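Structure record follows, encoded as structure tokens.
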There are 2 protein chains.
Amino acid sequence: MTPRSTRPTGKRATILDVAAAAGVSRQTVTRAMNDMAGISPDTRQRVQKIAAELGYTPSRFAKGLVQGARVSVGLAIPDLTNPYFPAFASSVVEAATGRGWNVVVDDYGHGTGSAADAAARLAPQVDALIGYLAPHADEAQALMGRRPVVALDSPGAGTAGSISFDYHHAARLALAHLASRGCTNIAFLDSDQGAPAGSRSAAAAAVALESGVQLTRFQAASSAAAAKAAVGVLAAGGRPVDGILAFNDLMAAGALKALQASGRAVPGDCAVIGMDGIPLGELLTPELTTLALDLRAVGRAAVGLLEGLLSGSLTEGSAEAHLILRHELVVRQSA
Amino acid sequence: MTPRSTRPTGKRATILDVAAAAGVSRQTVTRAMNDMAGISPDTRQRVQKIAAELGYTPSRFAKGLVQGARVSVGLAIPDLTNPYFPAFASSVVEAATGRGWNVVVDDYGHGTGSAADAAARLAPQVDALIGYLAPHADEAQALMGRRPVVALDSPGAGTAGSISFDYHHAARLALAHLASRGCTNIAFLDSDQGAPAGSRSAAAAAVALESGVQLTRFQAASSAAAAKAAVGVLAAGGRPVDGILAFNDLMAAGALKALQASGRAVPGDCAVIGMDGIPLGELLTPELTTLALDLRAVGRAAVGLLEGLLSGSLTEGSAEAHLILRHELVVRQSA
DNA sequence: TGGGGCAACGTGAACGTTCACGCAGCTGCT
DNA sequence: AGCAGCTGCGTGAACGTTCACGTTGCCCCA
């Protein structure tokens, strides 16, 4: 039917197939497809039409091989289901798209995957890597070789760049606020995932000590359901907690639900502070007081670091390549 | 310092640099790097060490050129900030990762971008495309040529595959439930984005007619804040609405907030039904009654369609390539 | 009438891998 | 002694593009 030229029907069309079908050379096809000069309007149209008919699509590999590659960055995320991460991912994608880069996302939360698996999958495909990689950030950097890795919330890792958070500062803000509300028996609801769990509760404990606040720590998986269950147990037994600081807003939401389910008023009987500052917090009842991060700034910073590292204007491991960001207390209704 | 061989310091190391430094041939380096047979353990180790020292990383372009490409699929999303989309994206990423594919994500919601922009960015980079592309699905398919596109919620588009939703069915479920609760003056809070806005409100209107329910339709942007504002206006004037069906859970959450802010009880004074069934709904107070989609199934289905289309076991445009999924009513507290 | 210049098109080379061979040298069996 | 077979390694070719030149034909002006 359609004149398929000599192409063996089944393999994809190459530039040579188009050239043959149009009776021109490779280069002329290139000129037509890429809107380059040095070709007559007639020929251009004719070639484009034939290319479309043949279903010709230039090979991104051949193109990448001969032209310098377009930067593509890997984004390793533990769980797109936790609203914190899409909020972060969104800002990374935005910043990357603005630079003409593209982003390959890997969510290693499904099944039993670890950050190391994600890094292994991404490494052969990308020029740089951003991610919540703890506790496998070093392994990820090894897999990437010279190519830069920016690790989030993974302090002390040997990656080219990193962004960490000042949990001492966060704990100070939160505990001071809870104390000023009259809370005396405060619980720190930590996540059992990621690396710096130890550092976080250590920070919270240290700050509690200096400010003379009674602080107990307990752990749960980083989800609303797990937090709910944990707080349910907590609320049931012993001396009642009158303030909860959660490791993220999702866990705080779960805590809220559990408290309400057990008939305790928030913030009346127990105040709750979250962490992250995701939009979810404003939708809850009561609206969530939280330690907010400027999430768009975090994504921008990560991509900015990568840009510096890739261009060489930032040397890997240098002080400027390791940012420490601070949370800000946003007081709403829950505390 | 380190013996950099003849490599011009600055260009990236190639397989030839490694071969020269190790005093072996290209092929032996290949054998060492890819754990192939036909090489002595000693040589393998030596070559791997030298490769690491030189920071050698095989070019994914050269590799892709000579071996059949690893499938990479584009995922075009309007707004990662709306929790529906990460939930969907998460299941797509999971299904794709399971097949050894990788996923390039483009969020075209930032700035003034449209689905067409996202498709244009992704087209040169991927072998297939999944996305909420309305109303530019046809354009996206054109950009992709023969490569398959699976469009979501974009019925009637000329894409190779599609997944649509039965809004008549959804409207029937919701309106019947609201009617059974005694609601008589119901509002449909539609989104002003995407293509099938018309079809959705048409479906709702049709169903309202058959069931003899009074239905007014109003529109807002697809965010909690916009929904809040819209409902605020609605609640202020005229005859009070006693039931709201929102286009998605995020808008429903906004509606909830607005109603409560204006002192109206939910569901006492006004019932609210959302759409999507994202986890957020369970965290709200009252918990959100919603028309739920099995989101993981949607992602699996999209990737499954793509697999069929890529392998040729599914012919593009055939009936089996166009799925229609149904929502299920999950009754919680808000209606 | 010669030739400078431009428009339109073609050709060798290069990008960095892997594939499919080929070729030594050694081992062990008949 | 002869040779098949294995181990370990090397070489030409191919993948599909673009870059940097060449080459042709034609117009126009001195």
Side-chain angles (χ1 to χ4, degrees), chain A residues 5-8 10-48 50-51 54-70 123-125 127 145-147, chain B residues 5-8 10-48 50-51 54-70 72 123-127 145-147:
Chain A
S5 84
T6 53
R7 189 162 55 88
K11 291 207 52 177
R12 55 181 283 170
T14 79
I15 202 174
L16 289 178
D17 298 318
V18 178
V24 297
S25 72
R26 292 172 316 200
Q27 184 63 19
T28 297
V29 177
T30 293
R31 282 189 267 252
M33 300 304 292
N34 299 4
D35 283 318
M36 301 168 58
I39 183 177
S40 77
D42 289 354
T43 314
R44 187 191 303 278
Q45 281 213 347
R46 195 166 49 88
V47 171
Q48 286 177 343
I50 293 182
L54 257 44
Y56 166 68
T57 313
S59 153
R60 66 175 178 279
F61 298 109
K63 210 163 193 162
L65 192 54
V66 61
Q67 303 176 322
R70 163 196 199 83
Q125 311 286 338
D127 306 304
R146 297 266 136 103
R147 294 166 294 168
Chain B
S5 82
T6 52
R7 190 161 54 88
K11 291 208 50 177
R12 56 181 280 169
T14 79
I15 201 174
L16 290 177
D17 297 318
V18 179
V24 297
S25 71
R26 291 172 316 198
Q27 185 62 21
T28 297
V29 178
T30 293
R31 283 189 267 252
M33 301 302 293
N34 299 3
D35 282 318
M36 302 169 58
I39 182 178
S40 77
D42 288 356
T43 315
R44 186 191 302 279
Q45 281 212 348
R46 195 165 50 87
V47 170
Q48 286 176 344
I50 294 183
L54 257 46
Y56 166 68
T57 314
S59 153
R60 67 175 179 279
F61 297 110
K63 210 163 194 162
L65 192 54
V66 61
Q67 303 176 322
R70 165 197 198 81
S72 98
Q125 310 286 337
V126 301
D127 305 305
R146 298 266 134 104
R147 295 165 296 168

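Worth saying up front: this structure is predicted, and the values here are computed from it rather than measured. Naming convention: chains lettered A, B, ... in sequence-line order (proteins, then strands); numbering from 1 in each chain.
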Student check: side-chain heavy atoms of [X] and [Y] closer than 4.5 Å:
| X | Y | result |
| --- | --- | --- |
| A:Asp35 | A:Arg44 | yes |
| A:Tyr56 | A:Met33 | yes |
| B:Ile15 | B:Pro58 | no |

Judged by atom type as modelled, is there a donor-acceptor pair below 3.5 Å linking the side chain of [X] to the main-chain atoms of [Y]?
| X | Y | result |
| --- | --- | --- |
| A:Gln48 | A:Ala32 | yes |
| B:Arg60 | A:Gln125 | yes |
| A:Arg46 | A:Ala22 | yes |

Tell me which of B:Arg46 and B:Leu65 sits closer to the 5' end of DNA chain D, going by the nucleotide each one is nearest to. B:Arg46

Within the structure, does a side-chain N or O atom of A:Thr28 lie under 4.0 Å from either OP1 or OP2 of C:dG10? yes

Using a cut-off of strictly less than 4.0 Å, decide whether B:Ser40 has a side-chain nitrogen or oxygen near OP1 or OP2 of D:dT7. no

Determine, step by step, whether A:Arg12 and A:Asp17 satisfy the salt bridge (charged side-chain N to carboxylate O under 4.0 Å, His left out) criterion, reporting the C-alpha distance in whole Å, the side-chain angles of both residues, the deciding distance to 0.1 Å, and the verdict. CA-CA 9 Å; A:Arg12 55 181 283 170; A:Asp17 298 318; over 6 Å; no

From B:Asn34 atom CG to B:Arg31 atom CZ, the distance as rounded to the nearest 0.5 Å: 11.0 Å

Take the protein atom [atom1] of [X] and the nucleotide atom [atom2] of [N], then report the distance between them rounded to whole Å.
| X | N | atom1 | atom2 | answer |
| --- | --- | --- | --- | --- |
| B:Phe61 | D:dA14 | CZ | C1' | 19 Å |
| B:Arg44 | D:dG8 | CZ | P | 10 Å |
| B:Ile39 | D:dC9 | CD1 | C1' | 9 Å |
| B:Asp42 | D:dC9 | CG | C1' | 14 Å |

What is the bend of the helix from C:dT1-D:dA30 to C:dT30-D:dA1 when you compare the axis at one end with the axis at the other, using five pairs each and rounding to 10°? 60°

Nearest non-hydrogen partners of [X] and [Y], listed with the distance:
| X | Y | answer |
| --- | --- | --- |
| B:Ala13 | B:Leu54 | CB-O, 3.9 Å |
| B:Arg147 | B:Val126 | NH1-O, 2.7 Å |
| A:Ser25 | A:Ala19 | C-CB, 3.8 Å |

Using a cut-off of under 3.5 Å, enumerate the N/O to N/O pairs linking the protein to nucleotides 23-25 of chain D.
none

Report all interatomic pairs (protein N or O, nucleotide N or O of nucleotides 17-24 of chain C) with separations under 3.5 Å.
residue	atom	partner	partner atom	Å
C:dT17	OP1	B:Tyr56	OH	3.0
C:dT17	OP1	B:Ser59	N	3.4
C:dT17	OP2	B:Ile15	N	2.6
C:dT17	O5'	B:Tyr56	OH	3.2
C:dT18	OP1	B:Asn34	ND2	2.9
C:dT18	OP2	B:Thr30	OG1	2.6
C:dC19	N4	B:Gln27	OE1	3.0

